[in-house]
Amino acid sequence: GQPYDLVVSAGIGGGFPPDAPVGSVVVADEITVADLGAETPDGFVPVTGLGFGTVSHQPPRPLVRDVAAATGGVTGTVLTVSTVTGSAARAAELRARHPGAVAEAMEGFGVAEAAAAHGCPVLEIRTVSNPVGPRDRAAWRIPEALAALTEAFGKTVLVVESWKRND
Ligand SMILES: O=C(O)c1cccc(C(=O)CC[C@H]2O[C@@H](n3cnc4c(=O)[nH]cnc43)[C@H](O)[C@@H]2O)c1
């Protein structure tokens with residue numbers, strides 16, 4: 001079949017204040033799964049600490065830089081979680097464990113694993129619909145985040161097309 005040059009995971013996400021406010025664009029320079037591992041009496045141990053697997057993927061640096069410049073996006077780690085953060089304590093715990101985290105979402109790491117399995121680079125772009133923290137569904141700005149995503153994705157496509165030609 002036709003080989004792919006890039007896999008893009010795009011969607012909305014929660015932003016860690018103050019780095020990624022609601023409405024902002026985030027481009028992952030690292031895609032990290034935050035809750036894949038084991039809980040032990042001494043705390044959370046990632047799968048890598050258990051002796052197998054992987055917990056992070058790195059999108060191509062020049063592409064991240066150029067997409068962030070084109071979209072006005074913030075770069076940083078985007079965490080993949082299975083459970084949407086719903087408390088200040090959990091938000092603080094995640095940030096303590098991942099100081100470079102600017103956002104969380106639910107799909108990026110799975111997409112990155114699939115891309116890696118096919119030797120394909122990956123990019124994750126998120127627009128922020130809500131702050132990561134105490135659960136307040138009424139504060140989620142999903143239509144605004146989707147509108148921002150549409151705009152950011154259009155700019156991303158232009159960068160990706162020139163990146164493909166030049167790389
Ligand atoms: O009502 C809830 O608390 C709730 C629980 C689970 C999932 C949801 C969603 O609507 C998430 C679906 C979608 O949005 C992304 N997303 C947006 N904000 C966040 C976040 O703060 N943490 C994690 N994921 C988030 C996610 O990637 C999904 O695509 C609501």
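Order of appearance sets the numbers: ligands from 1, and atoms from 1 within every ligand.
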Suppose we measure from atom 15 (C) of ligand 1 to each protein heavy atom; which comes out shortest, and what is that distance? Ile12 O, 3.3 Å

Of the protein's non-hydrogen atoms, which lies at the shortest distance from atom 28 (C) of ligand 1, and what is that distance? Glu107 OE2, 3.1 Å

At what distance is the nearest protein heavy atom to atom 17 (C) of ligand 1, and which residue and atom is it? Gly13 CA, 3.5 Å

re atom 26 (C) of ligand 1, the protein heavy-atom contact at minimum distance is Met106 CG, 3.6 Å

4.0 Å protein heavy-atom contact status of atom 12 (C) of ligand 1, strictly under: no

Considering only the protein, which heavy-atom contact is closest to atom 10 (O) of ligand 1, and what is its distance? Arg137 NH2, 3.4 Å

Tell me, with the steps shown, if Ser9 and Glu107 meet side-chain hydrogen bond (donor to acceptor under 3.5 Å, both in side chains). CA-CA 8 Å; Ser9 176; Glu107 300 85 6; 5.5 Å; no

Are any of the side-chain heavy atoms of Glu113 and Thr54 separated by less than 4.5 Å? yes

Mind listing the closest non-hydrogen atom pair of Thr80 and Phe109 along with its distance? OG1-N, 2.8 Å

How far is atom 6 (C) of ligand 1 from its nearest protein heavy atom, and which residue and atom name does that atom have? Val84 CG2, 3.4 Å

Numbering as shown, the atoms of ligand 1 that approach Asn130 to under 4.0 Å (heavy-atom distance): 17 (C), 18 (N), 19 (C), 20 (C), 21 (O)

Considering non-hydrogen atoms only, spot the tightest contact between Leu94 and Ala34 and give its length. CD2-CB, 3.8 Å

Nearest protein heavy atom to atom 19 (C) of ligand 1, by residue and atom, and its distance? Gly14 N, 3.4 Å

Taking the side chain as C-beta and beyond, is there a heavy-atom pair between Gln58 and Ser56 under 4.5 Å? yes

Lys/Arg N to Asp/Glu carboxylate O, Glu104 vs Arg95, below 4.0 Å: no

Under 4.0 Å from a heavy atom of Trp140: give me the atoms of ligand 1 that qualify, with their elements. 9 (C), 10 (O), 17 (C), 18 (N), 19 (C), 30 (C)

Could you report the tightest heavy-atom contact between Thr71 and Ala152, atom names first, then the distance? CG2-O, 3.5 Å

Report yes if the side chains of Glu124 and Val26 come closer than 4.5 Å at any heavy-atom pair, otherwise no. no

Working to the nearest 0.5 Å, report the span between CG of Asp19 and OG1 of Thr77. 11.0 Å

Tell me, which protein residue and heavy-atom name are nearest atom 23 (C) of ligand 1, and how many Å apart are they? Glu104 OE2, 3.4 Å

Enumerated ligand 1 atoms positioned under 4.0 Å from heavy atoms of Ser129: 17 (C), 18 (N)

As an exercise, identify every atom of ligand 1 less than 4.0 angstrom from a heavy atom of Arg126. 27 (O)

